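All values below were derived from every heavy atom in this structure, side-chain atoms included, with hydrogens, water molecules and symmetry-related copies excluded. These figures come from a predicted structure and were not determined experimentally.
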Amino acid sequence: QVQLVESGGGLVQAGGSLRLSCAASGRTFSMYAMGWFRQAPGKEREFVAAINWNGGSTYYSDSVKGRFTISRDNAKGTVYLQMNSLKPEDTAVYYCSMDRNTIATTQGRGAYWGKGTLVTISS
């Protein structure tokens with residue numbers, strides 16, 4: 001029994017910021033790697049960011065590097081995605097993923113997925 005619930009999505013203007021959250025329940029959270037993916041209309045799901053179980057290693061796609069920051073709070077069972085300098089091309093449904101294997105998470109092969117939260121950036 002594992003459930004991931006994303007929150008924090010919404011509508012913001014280009015150049016603004018949003019902070020997404022993903023809360024895990026049903027299983028032990030601390031030993032799992034976490035990742036964020038996004039999917040825009042008519043496009044395939046793409047990797048955004050990932051973080052290993054203790055937060056010591058992070059991974060980012062080139063398109064968000066320097067603008068987005070992934071972090072986690074194991075005590076709260078939550079992973080975050082701080083998104084700054086947002087662009088219209090960041091518009092997508094953002095999904096949270098979890099897996100014991102960090103690399104599997106970065107490759108979109110996570111064992112568990114949330115239902116997504118919509119982020120819309122206006123120009």
What's the shortest heavy-atom distance between Ala40 and Ala92, and which atoms? N-CB, 3.8 Å
Kindly compute the distance separating OG (Ser57) from CD1 (Ile51), expressed to the nearest 0.5 Å. 8.5 Å
For Val12, which residues count as a side chain to side chain contact (heavy atoms under 4.5 Å, CB included) partner, sequence neighbours excluded? Leu18, Leu86, Ile121
With sequence neighbours excluded, what pairs up with Asn74 under the side chain to side chain donor-acceptor pair (under 3.5 Å) test? Arg72
So Glu6 and Tyr94, do their side chains get closer than 4.5 Å, heavy atoms only? no
With sequence neighbours left out, the residues meeting side chain to side chain donor-acceptor pair (under 3.5 Å) with Ser85 are none
So which atom in Ser71 and which in Val79 form the shortest heavy-atom distance, rounded to 0.1 Å? O-CG2, 3.1 Å
Could you list the residues that satisfy salt bridge (charged side-chain N to carboxylate O under 4.0 Å, His left out) with Lys65, not counting sequence neighbours? Asp62
Contacts of Glu89 that satisfy salt bridge (charged side-chain N to carboxylate O under 4.0 Å, His left out) - sequence neighbours left out: none
Here the gap from Leu20 atom CG to Met83 atom CE, rounded to the nearest 0.5 Å, amounts to 3.5 Å
Judged by atom type as modelled, is there a donor-acceptor pair below 3.5 Å linking the side chain of Thr91 to the main-chain atoms of Thr120? no
Interatomic distance, NZ@Lys115 vs CD@Gln3, rounded to 0.5 Å, equals 7.0 Å
Co-membership, hydrophobic cluster, residues Val119 and Leu11, 4.5 Å side-chain: no
Which residue in the set Ile103, Asn101, Thr105, Thr102 passes side chain to side chain contact (heavy atoms under 4.5 Å, CB included) when paired with Asn52? Thr102
Between the CD atom in Gln39 and the CG atom in Leu118, the distance rounded to the nearest 0.5 Å is 12.0 Å
Shared hydrophobic cluster, Val2 / Met34 (ILVMFWY, side-chain heavy atoms < 4.5 Å): yes
Sequence neighbours excluded, which residues qualify as side chain to side chain contact (heavy atoms under 4.5 Å, CB included) partners of Ala111? Asp99
Is there a path of hydrophobic side-chain contacts, each under 4.5 Å between heavy atoms of I/L/V/M/F/W/Y residues, joining Leu4 to Tyr95? no
Closest non-hydrogen atom pair between Ala50 and Thr106, with its separation: CB-CG2, 3.7 Å
Assess the residue pair Asn84 and Ser17 against the criterion (side-chain hydrogen bond (donor to acceptor under 3.5 Å, both in side chains)); give the C-alpha distance rounded to whole Å, side-chain angles, the decisive distance to 0.1 Å, and a yes or no. CA-CA 4 Å; Asn84 299 325; Ser17 298; 2.9 Å; yes
Pairs satisfying ring pair (Phe, Tyr, Trp, His ring centres under 6.0 Å), at least one member in residues 36-90, at least two apart: Phe37-Phe47, Phe37-Trp113
Separation between CZ (Arg100) and OH (Tyr112), nearest 0.5 Å, reads 8.0 Å
Correct closest heavy-atom pair for Val93 and Gly116 would be CG1-CA, 3.9 Å
In chain order, what residues pass the side chain to side chain donor-acceptor pair (under 3.5 Å) check against Glu46, with sequence neighbours excluded? Arg38
Which residue pairs satisfy the disulfide (SG to SG under 2.5 Å) criterion with at least one member in residues 69-123, sequence neighbours excluded? Cys22-Cys96
What pairs with Arg67 under salt bridge (charged side-chain N to carboxylate O under 4.0 Å, His left out), at least two apart in sequence or on another chain? Asp90
Residues forming a side chain to side chain donor-acceptor pair (under 3.5 Å) with Arg45, sequence neighbours excluded: none
Minimal heavy-atom distance between Ser97 and Gly110, with the atoms involved, is OG-CA, 3.4 Å
Sorted by first residue and then second, give each disulfide (SG to SG under 2.5 Å) pair with at least one member in residues 45-95; sequence neighbours left out. none
